[in-house]
Amino acid sequence: MSFEPWYTPDMSLERRPAITITTPTDFSLFETLHSHGWRHLLPFYPNDSTNSIARIQRLGSGTVVRISVAEGPASNLMVEADGGTPDEVEGIIRRILQLDRSLSDFHEYCSATPGLARISLARQGRMLCSPTLFEDCLKVILTTNTTWAQTKGMVKRLVDAYGSPWPTDPTLKAFPTPEQIAAVPVDDFAATVRAGYRAQSLHGLAVDVAEGRTDLDALRDPSLTSDDVLKRLLALRGIGPYGAACLLLYLGRGDRVNVDSWARTLVGQELGRKVTDKEVVAFFEPHGKWRGLVYSFYPWKERGAGATADVAA
DNA sequence: TTCCAGGGGTAGA
DNA sequence: TCTACCCATGGA
């Protein structure tokens, strides 16, 4: 699969004043972009050489814009968009970079815990997210029981087929809305996206959200316990323990370990034998309410530094 | 041809 | 609660 990882439009036509966002002192753009493989999934367009990322985004008005974010002076973020209000654009950036999430307690814990100091020193702990939980749900379903290369292909077909085009370059699309997917017959959807048995879950969730039977935004209610959110996520077709734990992380809750094949491999290497999912969970149990976040950024010896599964493009 | 990948759903014990 | 089996897809 190939597509331009970075798009440079004629900025003389579209350039608008950059938005400056002041970031928390414990924020790292690099670490957030590399927190997992999400930046390699459309409609994200990463540029690792400049530590920046762009995204084609459909705004609330229906307008499709390109938003880019890069490091600015004095630890600020420089955000550019060819449309939308500064407030809406900043809100999207704050959401996808988890800028409003406080990490001070987590970093305090890591600094005081043998072997975890690197996490706080590197300012790790924020996950790159999608602007909507709907997009994250679909992408999580598309990571299950498949290879990363296939995940990228399925997401690309989904975006290309059903997303709204960016006017400056209509070949670049935003992530489709629930309504856009729900409007397509499920058989056509399955044949186009080629997501196998996952098509029913993807399309079904889109229909449920579009018709108001499922309210994903309600899961952002901070008064809910993680157990409550977990139960509601597990009730979604196609979302199991792994997917729900991933989504909890994207919702700013790091207290569940998203056990996948990578976790089993790494914990197995640490313990010198094959391990079960329960053993992986038990391995991180000592980290209590931080166990999911600790797993996501655990400084595995084999990998030197870093994140859970920041799969190469 | 067979296996399996950043799992999930289901039936049966 | 645990295990076994199946699930579409596509690359190795």
Side-chain angles (χ1 to χ4, degrees), chain A residues 1-2 33-42 44 46 127-130 135-161 184-206 208 214 227 230-251 254 256-270 274-285 291-298 300 302-303 306-313:
Chain A
M1 186 181 72
S2 66
L33 295 183
H34 291 252
S35 54
H36 60 148
W38 248 217
R39 72 188 187 285
H40 295 300
L41 299 180
L42 290 180
F44 280 121
M127 308 289 296
L128 180 66
C129 306
S130 305
E135 179 177 333
D136 278 334
C137 283
L138 265 55
K139 286 179 172 175
V140 162
I141 292 171
L142 288 172
T143 64
T144 59
N145 194 29
T146 188
T147 61
W148 185 246
Q150 288 199 74
T151 295
K152 288 195 292 184
M154 290 185 280
V155 171
K156 176 172 169 52
R157 290 190 289 273
L158 174 65
V159 170
D160 285 348
V184 182
V186 64
D187 289 345
D188 293 350
F189 178 83
T192 299
V193 179
R194 302 206 303 276
Y197 64 91
R198 304 172 195 82
Q200 297 287 341
S201 301
L202 302 170
H203 192 271
L205 181 58
D208 285 347
T214 297
D227 282 341
L230 188 68
K231 284 178 186 171
R232 297 194 199 186
L233 288 171
L234 290 172
L236 302 174
R237 186 169 185 84
I239 302 294
Y242 160 79
C246 286
L247 292 164
L248 281 174
L249 283 166
Y250 310 151
L251 286 167
R256 292 294 188 283
V257 178
N258 49 322
V259 181
D260 56 12
S261 57
W262 188 240
R264 284 185 289 273
T265 298
L266 292 175
V267 174
Q269 288 175 356
E270 289 279 319
K274 190 175 180 180
V275 295
T276 65
D277 287 10
K278 294 189 76 170
E279 288 176 305
V280 173
V281 171
F283 185 85
F284 291 99
E285 201 63 31
R291 55 193 185 270
L293 263 187
V294 167
Y295 163 60
S296 294
F297 297 94
Y298 195 77
W300 301 100
E302 292 76 11
R303 306 190 69 210
T308 312
D310 181 18
V311 183

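All values reported here derive from a predicted model rather than from experimental measurement. Order of the sequence lines fixes the chain letters, A, B, ..., with proteins taken first and strands second; residue numbering starts at 1 for each chain.
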Exercise. Determine: side-chain N/O of A:Thr146 to OP1/OP2 of B:dC4, distance under 4.0 Å, yes or no.
Key: no
Quiz item: Should A:Arg264 be listed as having a side-chain N or O under 4.0 Å from OP1 or OP2 of B:dG6?
Solution: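 Negative; the distance criterion is not met.
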Protein-nucleotide distance ([X], atom [atom1]; [N], atom [atom2]), rounded to Å:
X	N	atom1	atom2	answer
A:Leu230	B:dG8	CG	C1'	14 Å
A:Leu142	C:dA8	CG	P	15 Å
A:Arg198	B:dG7	CZ	C1'	9 Å
A:Leu247	B:dG8	CG	P	10 Å
A:Asn145	C:dG11	CG	P	16 Å
A:Arg194	C:dC7	CZ	C1'	18 Å
A:Asp277	C:dT3	CG	C1'	13 Å
A:Gln200	B:dT10	CD	C1'	16 Å

Check every strand shown and say whether [X] touches a base, only sugar-phosphate, or nothing at a heavy-atom separation below 4.0 Å.
X	result
A:Ile141	nothing
A:Leu234	nothing
A:Lys278	sugar-phosphate
A:Arg237	sugar-phosphate
A:Thr147	base

Self-check item: A:Val257, A:Asp277, A:Thr143 screened by side-chain contact (heavy atoms from CB on, under 4.5 Å) with A:Tyr242, the one that passes
Solution: A:Thr143
Quiz prompt | Closest listed nucleotide, where the reference is the side chain of A:Tyr197 and the choices are B:dG6, B:dG8, C:dC7 | solution = C:dC7
Practice problem: Give the ring-plane orientation class for A:His36 versus A:Tyr250, where under 30° counts as parallel, over 60° as perpendicular and anything between as tilted. | Solution: tilted
Can you tell me, in whole Å, how much space there is between the [atom1] of [N] and that of [M]?
N	M	atom1	answer
C:dC5	B:dC3	P	13 Å
B:dT2	B:dG6	C1'	22 Å
B:dA11	C:dA8	P	15 Å

Quiz item: Do A:Phe284 and A:Tyr298 have ring centroids that are under 6.0 Å from one another?
Solution: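 Centroid distance A:Tyr298-A:Phe284: below 6.0 Å, so yes.
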Practice problem: Find the distance between CH2 (A:Trp38) and CE (A:Met127) and round it off to the nearest 0.5 Å. | Solution: 8.5 Å
Quiz item: A:Gly243 or A:Gln150: which one's nearest nucleotide on DNA chain B is closer to the 5' end?
Solution: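 Nearer the 5' end of the strand: A:Gln150.
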Self-check item: Criterion side-chain contact (heavy atoms from CB on, under 4.5 Å) on A:Arg194 and A:Gln150, from CA distance to verdict
Solution: CA-CA 10 Å; A:Arg194 302 206 303 276; A:Gln150 288 199 74; over 6 Å; no
Quiz prompt | Electrostatic pair A:Arg256:A:Asp227 at N-O distance under 4.0 angstrom | solution =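 A salt bridge is present here (some side-chain N lies under 4.0 Å from a carboxylate O).
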Quiz prompt | Is_stacked (A:Tyr242, B:dG8) at 5.5 Å, 30 deg | solution = no
